[in-house]
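Proteins come first, then strands; the chains are lettered A, B, ... in the order of their sequence lines, and each starts at number 1.
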Amino acid sequence: MLDIRWMRENREALAQAMAKLNDLEAPWELALELDEKRRGLLQQGEKLREERNTGSKQIGLLFREKKASEANALKERMSQIGGEIAQIDEALRSVDASYHDAMMRIPNPPEEDVPVAPDEEGNVVLTQWGELPEFDFTPQPHWDFGPELDIIDFERGVATAGSRFYFLKGAGARLQRVLSNWFLDVHIQEHGYTEVYPPMMVRGHAMEGTGNLPKFGENLYRDAEEDYWFIPTAEVSVTNLHRDEILEPGTLPLYYVASTPCFRREKVSAGKDARGIKRVHQFQKVEMVKFVEPETGRDELESLTRAAEVLLERLELPYRRVAIATGDLSFVAAIKYDLEVWAAGCQEWLEVSSCSLFRDFQARRANIRYRPRDGARPEYVHTLNGSGLALPRVIIALLENNQRADGSIRLPDVLRPYFGDELEIG
RNA sequence: GGAGGGAUGGCCGAGAGGACGAAGGCGGUUGUCUUGAAAACAACUGUGGCAGUGAUGUCACCGGGGGUUCGAAUCCCUCUCCCUCCGCCA
C-alpha cells in the first residue's frame, strides 16, 4: 500500500510510475477521488459528533440539576443529529471500503534504476557467473534419467495427487533434504539469519499483508470452509511475524530464514513447463526475509542477493543475475533481481531465486513499524525477501549438469559433509 | 466436539450507562534534595485521523465488527483469540 499523502502531493510521479509498470488497471485516480470524498465526509461527521458530544454532556448535567424538560428538548435535537451522523457514517463506510480496496490494488512504484520496458523482454542480464558445462554426449533432461535412477517418480505422483505432483525417492529425496539443511546452515552461520519454522496456512489478512490478496487469490490454495490459505512462499508467514508491531530502537535489522513447502496453483497454460519438476504445485524453498531501516534498503538487497548467489557458486552452478524490467515487476516489489541457473538437460536458464526490495509497501499493509530513536514517532520498516534457494530447480541443475555418459551423477564436493562418500548417484 | 470463564494504556489492575482517554500501582522521562548513587517528593508520560505555518483545536480508539441510546469501556448480537474442565488425538 502507498502513502496517500504522498499520492496526493505527487500525482505526476504516480502517473509516471504506473505507466512504467504498464499496469493499466491500477485504480490510483479512483483512490484519490475516494480519498477526497472520504475526508469530506469525515469532517462533516466529526463536526456533528462534536456537537453531539457537548450536547450529551449538557443533558447529563441538566438531569442532575433536575431540569428534565430542558433536557428532553435537547435530547430531541441530539436525536436528530444522531440520524444525520448515521447517514454520513453509512456513506463513509461504503466510500471507505471502496477506497481501501482501490488502495490495495495499486502496485508499488519502481526504483529509479529499474529497466523500463513493457514486459519481460526488457529484463537485463547484469552478471553471469561460471562456465556452461560441456559434454561429449547429449545431456539428458531430469524427467528422463530421474525415473531411470528411481530418484523422481512422476507417474505415482500424478496418480496420487494429480498433474504437477511427484515423489522424490531415495537419493532424490535425500538430496533435497541435504540441500535445504545446507542452505539454512550457511545463512544461519555465515549470514546472520535466524531460523524460523512458520505456519504454512495463514489467515486472509496475512496474505493481504504481503500483497498476495486481494489481487492474486486465484494463484492460492485455500481451505474450502475456513479462512485458511496455504502459503505460496514462506515470505507470507515470516513477513507477518511482526505484523501490528512497533519495534523498539536497536532491534533492526532483523534477518529470518525458513525452509518450507510452497503451494501454488500455477494456472499457466496446460502444456507449459509440464514436464519434470520445473513448475509444480508443491515445492520446498528456503526463504530469507529482512526487516530493515529505510536508508539501508538497497545495501540490504545487495547482501541478500549475494547470500543466495554464494550458494550457487559453491555448488559450481553457472548462473546469471537478471534485473527485472518495470513491466515484469511483481505487484509488491520496487526492484527485483532474479537468479537463473543453467540446466544442461533442459537447455534453459531456470529461475531459482527472486530477491526483492519492497520499501514500506508490505509494512504499511501488515502495519509493521519501528521507533528510530527512544521517544520518536514510529515509522514503517522496509522489508525485503529472496529465495535462498528454491529446491527443485537447484536439484534439476545439479543433476543435469553433473551427469556422466554412463547415466550416473556425481555431486559436488561441497556436499561431502552431508553425503560423506556417497556423492555418486546411480 | 461439549460446558464454563475471560480480553481495559509499555506492564499489572479498577471501572457495571453521563464529570472516563479511562482510578491506583509498576515501569519510563524530567526536576528538587545529594559530592555521586539510592531513597523520598513533585511534574510529565498511549496511538492514529482531520484542520492549521504554528501554539493549538477536534474526532476516533478499552480484542475486531455490528446494534441499542441524546450519550457505551459499561447493555445486546456476532467474530477472533486466551484460560479451565470433559471428550478425542500424533
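- A:N72 comes within contact range of no nucleotide atom at all, as no heavy-atom separation falls under 4.0 Å.
- A:E84 places its CD atom 17 Å from the C1' atom of B:U69, with the value rounded to the nearest Å.
- Look at the C1' atom in both B:A7 and B:C12: the space between them is 14 Å, to the nearest Å.
- Using atom C1' as the reference point in both B:U69 and B:G63, the two lie 23 Å apart (nearest Å).
- Side-chain contact annotation: A:E300 with A:Y255, donor-acceptor N/O pair under 3.5 Å present.
- Within the structure, side chain to side chain donor-acceptor pair (under 3.5 Å) contacts touching residues 416-425 of chain A (residues at least two apart or in different chains) are A:R174-A:E422, A:D185-A:Y418, A:R404-A:E424, A:D413-A:R416, A:R416-A:D421.
- In this entry the distance linking CG of A:L247 with C1' of B:G10 reads 14 Å, nearest Å.
- Among the nucleotides B:C50, B:C70, B:G48, the one closest to any side-chain atom of A:P378 is B:G48.
- Under 4.0 Å is where a charged nitrogen must lie from a carboxylate oxygen, and between A:E302 and A:K290 no such pair does.
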Handout entry: Contact state string [nucleotides 72-82 of chain B, B base, S sugar-phosphate only, - no protein heavy atom under 4.0 Å]
Key = --------SS-
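- Residue A:R93 is classed as a sugar-phosphate contact, given heavy-atom separations below 4.0 Å to backbone atoms only.
- Within 4.0 Å of A:R364, counting heavy atoms only, lies no atom of the nucleic acid at all.
- Residue contacts for A:L42: at a heavy-atom cut-off of 4.0 Å it reaches the sugar-phosphate backbone alone, with no base atom in range.
- By the side-chain hydrogen bond (donor to acceptor under 3.5 Å, both in side chains) test, A:T326 pairs with no residue at all, sequence neighbours left out.
- Straight-line distance between the C1' atoms of B:G10 and B:U45: roughly 11 Å, to the nearest whole Å.
- For A:R5, the listed nucleotide lying nearest its side chain is B:C50; candidates were B:C50, B:A60, B:C70.
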